[in-house]
Amino acid sequence: MAYTHLITVAELQDLAARGIPHRVFDCSFDLMNPGAARAMFADRHIPGAVLAHLDEHLSAHGAAEAQSGGRHPLPSRERLRDWLRSVGLRQGMQAVVYDRNGNNFCGRLWWLLKWAGHDAVAILDGGLQAWEQAGAALESGAPATCLQTGDFELAEPLVGLVGSDEMFALHDRPGQCVIDSRAGPRFRGEVEPLDPAAGHIPGALNRPFTENFASDGRFKPAAQLRAEFESLLGGRDPAATVVYCGSGVSAVPNLVALELAGLPGARLYAGSWSEWSRTPGRPVATGA
């Protein structure tokens, strides 16, 4: 059985106990201090985990390679494939992603693997905190450098991607639904700590990605997520929905939540607000 959305601590422990091949990725990060990712990993991580660094491994290195705009442009699928092979991911192997940041960053690798055509990837529900609360073993030290090379191959993408020009063409189309995953003050244009303009794409609806989680850091039950999203969508087609955030990273929990709610098909605008706000001629809205 492959886990394709969420996996619990007990289920991950069971994979290890039964010797089922899997690869765990620690995606913990700090936007204001990218160097802290390695320090966090070295301090403690799930045994056998691989460091998945947002800047180094999960984003493009240079415009020639970038598959989107924004502060964290998507890497090419080929470079992603090569990195996944280098850390031992094999065809069909279960991948598990987590962070210690409230699922702010691990969804990026979940989405990238789906984009690479790999369905067997799941988010550790509750993150490192849930692992620690269960009293599970931890490991310290720098990332391993000698891993057996994997045979991962690219396949047809399992998720949808929206580019800058398509986003501009779609954003004000009648019936189109666009969801902004940032916190309310940034959506309304009251503050903007990272990008050149404050506000949101005109017509977008605001659902901060944090609203998908219960107080214990786990995703809300599917029925609750469905009710909340149906209220937000107001009858619009979930499969015609586009989701964005600041740089295409924290939008993913909304995409995962839509899938859990049984409302699949939404696509990611990976360039997100960091691309939109830097593109001449793009309109900006403020307020609720």
Side-chain angles (χ1 to χ4, degrees), residues 1-29 37-38 40-59 74-101 103-132 134 136-159 219 249 252-253 256 259:
M1 170 188 171
Y3 296 94
T4 58
H5 292 86
L6 302 179
I7 188 170
T8 66
V9 169
E11 289 166 339
L12 177 53
Q13 290 174 317
D14 182 62
L15 289 181
R18 292 191 288 141
I20 296 175
H22 62 284
R23 179 66 74 213
V24 179
F25 296 86
D26 187 320
C27 306
S28 304
F29 197 69
R38 290 186 176 276
M40 287 188 282
F41 183 91
D43 177 61
R44 67 193 192 284
H45 54 265
I46 293 175
V50 170
L51 173 65
H53 194 288
L54 177 60
D55 286 350
E56 296 175 16
H57 306 131
L58 310 183
S59 299
L74 296 176
S76 69
R77 295 202 327 148
E78 291 72 22
R79 188 171 77 80
L80 176 65
R81 175 202 62 201
D82 293 347
W83 174 70
L84 291 167
R85 286 177 176 176
S86 76
V87 296
L89 190 70
R90 302 200 300 273
Q91 279 299 99
M93 179 185 279
Q94 180 68 57
V96 176
V97 301
Y98 75 91
D99 62 40
R100 65 202 76 195
N101 312 98
N103 290 297
N104 197 350
F105 301 108
C106 64
R108 169 68 161 224
L109 183 51
W110 180 91
W111 190 91
L112 284 173
L113 280 161
K114 298 286 187 181
W115 186 52
H118 189 79
D119 200 30
V121 53
I123 294 170
L124 179 61
D125 203 13
L128 185 62
Q129 292 85 345
W131 184 265
E132 292 176 311
L138 290 167
E139 195 172 72
S140 298
T145 56
C146 298
L147 295 170
Q148 184 177 3
T149 302
D151 63 356
F152 179 77
E153 293 288 350
L154 297 171
E156 285 297 311
L158 303 172
V159 289
F219 276 86
V249 176
V252 176
V256 174
E259 295 269 350

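No hydrogens, no waters, no symmetry mates; every other heavy atom, side chains included, goes into these values.
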Inset, instruction - Could you check if a side-chain atom of Phe152 sits within less than 4.5 angstrom of a side-chain atom of Asp82, using non-hydrogen atoms only? - result: no

Inset, instruction - Examine distances only and state if a side-chain atom of Gln94 and a backbone atom of Ala120 form a donor-acceptor pair shorter than 3.5 Å. - result: yes

Inset, instruction - Using atom types as modelled and distance alone, determine if a side-chain donor or acceptor of Glu139 lies under 3.5 Å from a backbone N or O of Gly48. - result: yes

Legend entry - Whether over 12 other heavy atoms sit under 6.0 Å from Arg90 CZ: no

Inset, instruction - Report the C-alpha separation of Leu124 and Val9 in whole Å, then their side-chain angles, then the decisive distance to 0.1 Å, and conclude whether the side chain to side chain contact (heavy atoms under 4.5 Å, CB included) test is met. - result: CA-CA 7 Å; Leu124 179 61; Val9 169; 4.1 Å; yes

Legend entry - Donor-acceptor under 3.5 Å (Arg23 side chain, Met93 main chain): no

Inset, instruction - Measure across Phe41 and Ala142 and return the closest heavy-atom pair with its distance rounded to 0.1 Å. - result: CE2-C, 3.9 Å

Legend entry - salt_bridge(Glu56, Arg38) N-O dist < 4.0 Å: yes

Legend entry - Test item: Val121 and Leu109 side chains (from C-beta on) under 4.5 Å apart, heavy atoms: no

Inset, instruction - Show your reasoning for whether side chain to side chain contact (heavy atoms under 4.5 Å, CB included) applies to Leu158 and Trp111. - result: CA-CA 9 Å; Leu158 303 172; Trp111 190 91; over 6 Å; no

Legend entry - Closest approach of Arg100 to Met40 (non-hydrogen atoms, all atoms of both residues): NH1-O, 3.0 Å

Inset, instruction - Would you name the heavy atoms of Ala136 and Gln13 that are closest together and state the gap between them? - result: CB-NE2, 3.5 Å

Inset, instruction - Please confirm whether the backbone N or O of Leu154 pairs with a side-chain atom of Arg77, one donor and one acceptor, at under 3.5 Å? - result: no

Legend entry - Derivation and outcome, side chain to side chain contact (heavy atoms under 4.5 Å, CB included), residues Tyr98 and His45: CA-CA 10 Å; Tyr98 75 91; His45 54 265; 3.4 Å; yes

Legend entry - Electrostatic pair Arg85-Glu153, nearest N-O below 4.0 angstrom: yes

Inset, instruction - Carefully, step by step, assess Arg44 and Ser140 under the rule side-chain hydrogen bond (donor to acceptor under 3.5 Å, both in side chains). - result: CA-CA 5 Å; Arg44 67 193 192 284; Ser140 298; over 6 Å; no

Inset, instruction - Grab the two heavy atoms, one from Leu89 and one from Ala95, that are nearest each other, plus how far apart they are. - result: CD1-CB, 4.4 Å

Inset, instruction - Determine the interplanar angle of the His57 and His53 rings, folded into 0 to 90°, and report it as parallel if under 30°, tilted if 30 to 60°, perpendicular if over 60°. - result: perpendicular

Inset, instruction - Please report the C-alpha distance between Leu15 and Ile7 in whole Å, then the side-chain angles of each, then the deciding distance to 0.1 Å, and finally whether the side chain to side chain contact (heavy atoms under 4.5 Å, CB included) criterion is met. - result: CA-CA 10 Å; Leu15 289 181; Ile7 188 170; 3.8 Å; yes

Legend entry - Main-chain N/O of Lys114 paired to Asp119 side chain as donor or acceptor, under 3.5 Å: no

Inset, instruction - Give a yes or no answer on whether the side chain of Asp26 reaches the backbone of Ser28 with a donor-acceptor pair at less than 3.5 Å. - result: yes

Inset, instruction - Determine whether the aromatic ring centres of Tyr3 and Trp110 lie less than 6.0 Å apart. - result: no

Legend entry - Flag side-chain contact, heavy atom, 4.5 Å: Leu84 against Leu113: yes

Inset, instruction - Would you check if Phe219 and Leu6 make a side-chain contact, meaning some heavy-atom pair closer than 4.5 Å? - result: yes

Legend entry - Beyond-backbone contact of Cys106 with Asn101, side-chain heavy atoms, under 4.5 angstrom: no

Legend entry - Any side-chain heavy-atom pair of Leu51 and Val87 under 4.5 Å: no

Legend entry - Heavy-atom side-chain contact between Trp115 and Leu74 under 4.5 Å: yes

Inset, instruction - Ignoring hydrogens and angles, tell me if any N or O in the side chain of Asn103 forms a donor-acceptor pair with the backbone of Gly126 under 3.5 Å. - result: no

Inset, instruction - Identify the heavy atoms of Asp125 and Ala130 that sit nearest to each other, and give their distance. - result: O-CB, 3.6 Å

Inset, instruction - Return the minimal non-hydrogen interatomic distance between Val24 and Leu12, and the atom names on each side. - result: CG2-CD1, 4.1 Å

Inset, instruction - Could you tell me whether the side chain of Leu58 reaches within less than 4.5 Å of the side chain of Pro75, counting heavy atoms only? - result: no

